[in-house]
Structures are given as structure tokens and as C-alpha cells.
Number of protein chains: 2
Amino acid sequence: MARPQAPRGHGRRRVIDAAVELFGEHGVTGTSLQMIADHLGVTKAAVYYQFHAKEDIVLAVLEEALVDLRAFVTAAEAEPSPDEAAMVALRGLVDLMIGHRQVVAALMRDPEVERIMATHDDLNSLVGRLTGLLLGPEPDLRRRIAVSVVGAGVAQAGIDPLLADVDDETLRAELLELGPSMLPRH
Amino acid sequence: MARPQAPRGHGRRRVIDAAVELFGEHGVTGTSLQMIADHLGVTKAAVYYQFHAKEDIVLAVLEEALVDLRAFVTAAEAEPSPDEAAMVALRGLVDLMIGHRQVVAALMRDPEVERIMATHDDLNSLVGRLTGLLLGPEPDLRRRIAVSVVGAGVAQAGIDPLLADVDDETLRAELLELGPSMLPRH
DNA sequence: GTCTATAGATAGATAGAC
DNA sequence: GTCTATCTATCTATAGAC
């Protein structure tokens, strides 16, 4: 039957959950495989059985959010007008941050994550498509700055300790009012 | 005549400059003393001669920006009305980011920096005073979220590769138009 | 003031026993 | 599938020669 320590979530699932928690607290570079193993009460070798490299754990954590990201980027690109596409992308971005606050906190603040993403063309192009959607056609300087501010701001709002007491639904509603006001329609 | 410390701009100054550059690229945790030493063409021991610990280098880099931060926080607190104080704080924040784009990039994205700051009460209280100025008296939820978004957004705008081609003056002017619109007067 | 040398700990990763 | 044991490389940091 079920073992006392390992809920049927399998090894990979437990490693990913532990990684999200530890990455969020110490960053990716600041989290060793030993820390993940200790957190799970197993040895490093047990972690290496599930993922043969640390980078694979980072990619698995990323994948948690990428499923949603791919979905709303594709949906946004199907919108008829650039304005509608940008709004769908912005809503998707807010939902993504809300739905994965821990993952965002874990990954948004480590250059190592950028390095890993840069080595995977599919991740690169996905981020490029999202940026393009938010920028719209022929963006002026103000638009570019607004996209930068909104993108970082939405992410920060999801992980800011100052807002830790705000529940998901309330935060989502507020961000969906604040965001569009900074990304006006053309 | 012969100074016991900074001979000809060398020493601490060179270490700090190298640290800012490398921290920005690899993060604090991702930057080893060996990397700093190699960047300067010296040995690790030479770096340890200038700073007895890695944490001291981080603090020295932080100090670059803290001088300006202390100045405008104090100035803002001297403003008669909370609205004016918040605007002075926001302008100061924008100027700080613009004036220290590299330092911000180096330090804003590493949990290790937070840990170091958390162990220094003077840094903690300074950040607390800045946040208080931006929030104003009795901030509602919307204000709290806006402060979070603006704070992160301004920082991101200063380091975003998407905006690397924007010169300081232009970026400052745009942010000073964008920011206040998100932090309305009471 | 800068170096060599090295300590002591820990990193990521692998091989093979059970 | 999880372990012990181990490898190599690198980490921060120190002691002391030049």
C-alpha cells in the first residue's frame, strides 16, 4: 500500500515541489541538490535518480508555468486586432502570475534561469511572442517602457511580501484594472 | 602622503567595479571571488586583502546606491504633505535607478542580497521609510499594489535589455510621467 | 601590497551495491 | 528505486612567504 513518507505523487512531483519552495527562498543558484534532498529526507543520489542534472529540475519547475503561458500566447495571437491580442496577453500574464506565485518567485530573480532559458530556443521564442503581443505593432518608446514596467510590476505584485496577505482573486481583479491603464489601446 | 588604503584609485574601487559588473551578469550567489579576481587579473588573496569577506563586497556595492537613497528619503520626509513626500520619494527612486542601473541590475535579483540587508538594521529601516513614503498615510489595497508595481517596474525599466538603447535622460523623463499616474494624490 | 599554498567545506555528478 | 561511497571541481577563507 501507500508508504508512510511518499504520497503517490511520485518522486519527480515531490522534487519539483521542494525545488519550487527552496528556489523561492534561496534562488536557483543558492539552492543545492543537497538542500533539496535534505528537504525531502532523502539523499542526493535519490534526487539524481529523478533528474540527472540540476538544470533539468529548473526546466521542470519552469514547465509548471509554461503550460499556461503557451496556452494564452496562442490564444492571444488568434485575436483579430492587436489591441485585443495585447489585452488577452495581459490578462493571461496576470492569471499566470496569480496561478503560479511561488514558481514566479522562484524563477524570476536568478540570472541562472535566464541562462538556461537562453539555451532553449522554444522558451526564447515563447517569451519573444509574448513581448511582441504586449508591445503591439510599431511600438513607440513609451509603449516599450510601459511593457517593461507592467511586466515586472505584475510579477512583483505576485511575490511581494507587502502583498502576501492579499488573496488571489482580489489581487487579480486589482491588477486587471491597473495593467490596462498603463497599456492604452492605440 | 602615502595613503594606507586607496593607492591611485586601485584596490577597493577596482574590486567594487568588477563586482558590479559580474553581479549584474551572474547574480551575487553566482559570482565567486575567483571570478572577481580573474576579472581584475589578480589572485583571490588580493581581493581578500581589500575585503575580508564576500558579504563586505556586497555591502560596498550597495553603499554606492545607498548614499543617494538616504539623501532623497530624508528630503522626502521633510516635505510638508504626504502627497509631496510621495512624489519626492518617487522622483528620488527614479533618479536612483537611472544613476545606478548597473548596481540595481546587480543587486535587485538575488535573495542573498535580501538576506544580507535583513541582517543590517540600518538598511532595513531605510527601505521601510521609503516604502512608507510611497504608501502614504493609511494606504488602501489599490495603493499598496500600485506601490509594489511601480517599485519593481521602475527598477526593471532600468535594467531591461529591451530598453538598453534608451539613454538615461529619456528614460528618466518617461518614468517620471508614467510613475505618478499610477500613484495618484489622495 | 600581492603573492603561494592550503585548509575545510560543499558543489554537481557518477558508479555500483542492495 | 534508494542507498553508500566516491570523484572532481570549486567554494570561502586563512596563514604566511616575499
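The sequence lines fix the lettering, A, B, ..., with proteins before strands; numbering per chain opens at 1. Note that the structure is predicted; figures quoted are calculated from it, not measured.
- Atom NE2 in A:His26 sits about 16 Å away from atom C1' in C:dA11, given to the nearest Å.
- Comparing the axis of the opening five pairs of the helix from C:dG1-D:dC18 to C:dC18-D:dG1 with that of the closing five pairs yields an angle of 0°, rounded to 10°.
- Formation of a donor-acceptor pair under 3.5 Å by the A:Thr31 side chain with backbone atoms of A:Leu22 is found in this model.
- The CZ atom of A:Arg144 sits 10.5 Å away from the CD atom of B:Glu174 when rounded to the nearest 0.5 Å.
- For D:dG1, the OP1/OP2 oxygens have a side-chain nitrogen or oxygen of A:Tyr49 closer than 4.0 Å.
- When hydrophobic clusters are built by joining Ile, Leu, Val, Met, Phe, Trp and Tyr residues whose side-chain heavy atoms come closer than 4.5 Å, directly or via intermediates, A:Met108 is grouped together with A:Val94.
- Within the 4.0 Å cut-off from OP1 or OP2 of D:dT2, at least one side-chain nitrogen or oxygen of A:Gln50 is found.
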Exercise for the section: Would you sort out whether A:Arg142 and B:Glu177 count as a side chain to side chain contact (heavy atoms under 4.5 Å, CB included), showing the intermediate values? Expected result: CA-CA 10 Å; A:Arg142 177 155 308 184; B:Glu177 280 198 55; 3.2 Å; yes
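- B:Glu64 CD to B:Ile16 CD1: the interatomic distance, rounded to the nearest 0.5 Å, is 5.0 Å.
- The side chain of B:Thr43 places no N or O atom within less than 4.0 Å of a non-bridging phosphate oxygen (OP1 or OP2) of C:dT2.
- Residue pairs meeting the salt bridge (Lys or Arg N to Asp or Glu O under 4.0 Å) criterion with at least one member in residues 90-111 of chain B, sequence neighbours excluded, are A:Glu114-B:Arg109, B:Asp95-B:Arg172, B:Arg101-B:Asp168.
- Side chain of B:Lys54 to main chain of B:Val28: a donor-acceptor pair is present (N/O by atom type, distance under 3.5 Å, no hydrogens or angles).
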Completion exercise
Readout for nucleotides 12-18 of chain D: B = base within 4.0 Å of protein heavy atom, S = sugar-phosphate only, - = neither; 5' to 3' it is BBB----
Handout entry: Worked verdict on A:Gln50 versus A:Ile57 for side chain to side chain contact (heavy atoms under 4.5 Å, CB included)
Key = CA-CA 9 Å; A:Gln50 305 290 350; A:Ile57 302 178; over 6 Å; no
